[in-house]
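To keep things clear, I will list the structure first and then write my remarks on it.
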There are 2 protein chains.
Amino acid sequence: MGKEKTTRAVTILDVAAAAEVSKSTVSLVLKNSPLIPAETAERVREAARKIGYVYNSRAGELRGKTSKTIGVIVNDLTNPFFAEILVGVERKLVEAGYIVLMAHTNEDVERQNTVLRTMREQGAAGLVLCPAYGTPKTLTKEVESWGMPLVVMVRTLGPGKYDFAGADNERGIYAATRHLLDAGHTRIGFLGGRTGVVLEQRLKGFRAALAERDIAFDEDLLVAAQPTRKGGHETMSALLDKKPRPTAAVCYNDVVAFGALSALGERGLRAGQDFALMGFDNVQDAAHSNPPLSTIDIRPGELGEHAAAILLDRIQTPARARQTYLADPQLVLRQSG
Amino acid sequence: MGKEKTTRAVTILDVAAAAEVSKSTVSLVLKNSPLIPAETAERVREAARKIGYVYNSRAGELRGKTSKTIGVIVNDLTNPFFAEILVGVERKLVEAGYIVLMAHTNEDVERQNTVLRTMREQGAAGLVLCPAYGTPKTLTKEVESWGMPLVVMVRTLGPGKYDFAGADNERGIYAATRHLLDAGHTRIGFLGGRTGVVLEQRLKGFRAALAERDIAFDEDLLVAAQPTRKGGHETMSALLDKKPRPTAAVCYNDVVAFGALSALGERGLRAGQDFALMGFDNVQDAAHSNPPLSTIDIRPGELGEHAAAILLDRIQTPARARQTYLADPQLVLRQSG
DNA sequence: CTGAAAGCGCTTACAG
DNA sequence: CTGAAAGCGCTTACAG
């Protein structure tokens with residue numbers, strides 16, 4: 001109904017007038033305060049409905065110095081791993097009554113700084129950040145100095161004290177490599193990844209498994225590339241040209257593995273019979289790739305939920321001890337290796 | 001520096017005192033008003049920096065009745081198509097100085113209503129919505145009655161007057177089908193999709209292409225399922241059991257096609273040689289699937305950017321005529337068909 | 001070019 | 001149980 005002029009908004013004052021109470025009473029009703037008798041509350045609610053009142057959270061939050069928005073910053077939504085994480089974070093946050101201010105950095109530190117500032121100005125109640133490559137380790141301290149709760153996701157940011165949610169990368173890749181080793185492979189490639197702590201951790205697991213079996217680590221079988229399908233394709237193509245040809249590979253992540261599957265197919269090879277391939281992450285797609293991918297399950301969605309839960313905890317209890325969630329990597333065997 | 005008590009925030013009043021000007025001057029400087037001489041402005045900025053001032057957009061926006069946040073609501077980030085769209089929307093919006101309030105509905109209309117309300121209360125300047133299945137057609141009118149600019153994405157919401165960004169589904173699938181027909185296929189399946197306008201439009205294109213070649217539409221070759229990899233796997237498996245066995249299929253979208261590729265591989269069949277398969281969307285993954293997918297390119301990222309651009313237009317010029325962006329579908333041939 | 005004043009829409013003690 | 005009052009941090013005419 002009502003062709004309203006854009007000028008004047010309907011406020012609690014109008015509701016108060018309509019319900020014949022004071023505006024404080026209206027405010028109390030809106031917060032379901034037990035101070036207000038049910039009858040009065042109902043009358044107020046009815047009046048609000050009738051005149052088309054909508055709560056203005058900005059005003060409320062400004063006055064109350066609270067905030068129901070949380071910034072979440074991711075770097076590569078094009079990788080289903082991060083998309084699944086984001087979904088997990090968002091779900092948990094919305095359940096808790098928050099709303100997410102989301103930004104995509106595309107691995108650009110500049111852009112990350114921009115959105116970080118914007119979110120601060122917007123008065124976000126906290127931040128969930130998967131730092132872009134090249135983020136200075138000092139960022140956690142800086143955000144802390146803002147008085148803003150922060151949980152870092154997936155990529156650690158040095159040894160400082162901050163909340164973190166990620167995966168046990170070393171142990172995960174160790175398990176994947178170990179699986180390949182147990183199957184009798186000895187010339188095993190490592191595909192994809194170019195930089196960052198996560199790569200270091202995964203490589204460490206790779207080397208550890210090899211060392212345990214007294215297999216020399218062959219630099220030549222470590223082929224670096226962007227952690228994308230394209231990178232996976234390139235690295236697998238390169239790997240297949242090595243002599244003698246490796247018989248297996250562990251990939252930096254699932255997306256790299258998908259690209260590798262493509263390169264294999266291109267040469268008429270099929271993972272699982274002609275070559276053994278392991279991914280990492282267990283994104284949903286892994287169950288239906290061609291062939292289905294054997295991988296390390298770190299449950300990305302859950303990871304996101306944990307990150308959100310940690311942040312929520314910190315917001316409620318600022319003094320609480322630092323929390324860390326490390327997804328326990330599980331080997332899931334499908335057909336690729 | 002400065003161990004600040006959480007209690008009192010640094011405001012423009014403090015900046016004003018530090019720079020020895022009035023608070024209006026500070027406000028003007030912050031907006032880069034030409035009214036303020038460069039020297040004064042510099043002094044103010046310096047003071048702000050020194051005392052660690054950070055702008056409070058909520059206060060500013062409340063007072064100025066403006067907003068720099070835009071709600072974007074998507075339904076399935078697990079599908080790279082939507083992830084790529086979101087990235088496009090976000091990029092465009094951030095470039096324009098906005099920040100995105102993001103929500104994931106997971107095709108749940110209830111949840112969509114919740115976030116819609118929250119975004120309204122948060123005072124979003126506008127909305128980009130990819131409606132969940134089952135969204136009432138009246139939603140566009142309702143949002144309009146809120147005075148909130150809205151652009152609907154991907155799935156139309158009836159014939160009403162609203163801004164829209166999507167793709168020419170009918171023409172796209174027509175082209176895909178046509179391609180298969182030209183290659184000599186006559187028993188062609190249609191895989192995946194269960195409900196919604198997009199499916200209707202795509203099916204229409206499918207039938208049109210068939211009709212043009214006087215090929216009877218065979219209900220039996222239309223196999224419905226969720227538009228997911230899993231759905232693709234199921235439907236392709238089912239299709240391969242039909243007698244006589246179809247030789248080609250067009251999929252509801254790429255994700256379905258990926259699942260179909262998996263099912264094909266499972267039976268020792270390879271798309272492109274043993275079976276011709278067409279996707280739809282051309283998500284990035286399509287270039288490196290196994291084998292690379294022939295598909296219809298509707299440039300998801302661009303679609304998102306257009307949606308954002310339309311919204312920005314509408315915000316600037318509320319009275320402007322309704323705009324529609326329909327991605328022009330391009331056939332891209334890779335190896336699957 | 002700069003200052004004093006009013007006000008955005010709400011919340012929160014504080015009286016009564 | 002309800003009302004009057006102050007104030008969150010900013011912006012915007014309006015004087016001067």
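All values below were derived from every heavy atom in this structure, side-chain atoms included, with hydrogens, water molecules and symmetry-related copies excluded. Convention: sequence-line order gives letters A, B, ...; per-chain numbering from 1.
- Distance B:Glu39 CD to C:dC1 P: 12 Å, rounded to the nearest Å.
- One interatomic measurement links the two molecules: CD of A:Glu42 to C1' of D:dC1, which rounds to 18 Å at whole-angstrom precision.
- Toward the 5′ end of DNA chain C lies the nearest nucleotide of B:Lys23, the other residue of the pair B:Lys23 and A:Gly60 mapping further downstream.
- For the OP1/OP2 pair of D:dT11 and a distance below 4.0 Å, the side-chain nitrogens and oxygens of B:Ser27 include at least one atom meeting the criterion.
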For this session: Would you check, one step at a time, whether the test side chain to side chain contact (heavy atoms under 4.5 Å, CB included) holds for A:Met119 with A:Ile73?
Result: CA-CA 10 Å; A:Met119 286 173 175; A:Ile73 305 179; 3.8 Å; yes
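- D:dG9 atom P lies 15 Å from atom CG of B:Leu30, rounded to whole Å.
- We find that CD1 of B:Ile12 is positioned 12 Å from P of D:dC8, with the value rounded to whole Å.
- A salt bridge links A:Asp163 with A:Arg314; the closest basic N to acidic carboxylate O contact falls under 4.0 Å.
- Across C:dT12, C:dG9, D:dC10, the shortest atom-to-atom separation from the side chain of A:Lys31 is found for C:dT12.
- You'll find that the side chain of B:Ala9 is closest to D:dG9, out of C:dT2, C:dT12, D:dG9.
- Comparing D:dC10, D:dG3, D:dT12 by their nearest atom to the side chain of A:Val21 picks out D:dG3.
- Which of D:dG9, C:dT2, D:dT11 sits closest to the side chain of B:Pro37 comes down to C:dT2.
- Look at CD on B:Glu121: it is 15 Å from P on C:dG9, rounded to the nearest Å.
- In this structure C:dA4 sits in no base pair that meets the Watson-Crick or G-U test at under 3.5 Å.
- Note: CD (A:Glu20) to C1' (D:dG3) measures 15 Å, nearest angstrom.
- At a threshold of 4.0 Å, the pair A:Glu61-A:Lys68 does not count as salt-bridged, since none of the basic side-chain nitrogens sits closer than that to a carboxylate oxygen.
- Comparing D:dC8, C:dT11, D:dT2 against the side chain of A:Leu62 picks out D:dC8 as the nearest.
- Separating the CG atom of A:Leu28 from the C1' atom of D:dG3 is a distance of 11 Å, rounded to the nearest angstrom.
- OP1 or OP2 of D:dC10 has not a single side-chain nitrogen or oxygen of B:Lys65 nearer than 4.0 Å.
- Looking at heavy-atom distances under 4.0 Å, B:Ser57 makes no contact with the nucleic acid at all.
- Distances shorter than 4.0 Å separate none of the side-chain N or O atoms of A:Thr25 from OP1 or OP2 on D:dC1.
- Nucleotide C:dA13 has no partner under the Watson-Crick or G-U criteria, as no pair reaches both atom distances under 3.5 Å.
- Salt bridge annotation for B:Arg43-B:Glu46: absent, with no cationic side-chain nitrogen under 4.0 angstrom from a carboxylate oxygen.
- Side-chain to base pairing of A:Ser24 with D:dA4: one donor and one acceptor N or O lie within less than 3.5 Å of each other.
- The side chain of B:Thr11 sits closest to D:dC10 out of C:dC10, D:dC10, C:dT2.
- Side-chain contact between A:Tyr325 and A:Glu302 is present, with at least one heavy-atom pair separated by less than 4.5 Å.
- B:Thr40 has a side-chain polar atom (N or O) that falls below the 4.0 Å cut-off from OP1 or OP2 of C:dT2.
- Note on B:Arg117 versus B:Glu142: no salt bridge recorded, every NZ/NE/NH1/NH2 to OD/OE distance being 4.0 Å or above.
- Between the side chain of A:Arg63 and the base of C:dG9, no donor-acceptor pair under 3.5 Å is found.
- Following rounding to the nearest Å, A:Arg58 (CZ) and D:dT11 (P) show an atom-to-atom distance of 12 Å.
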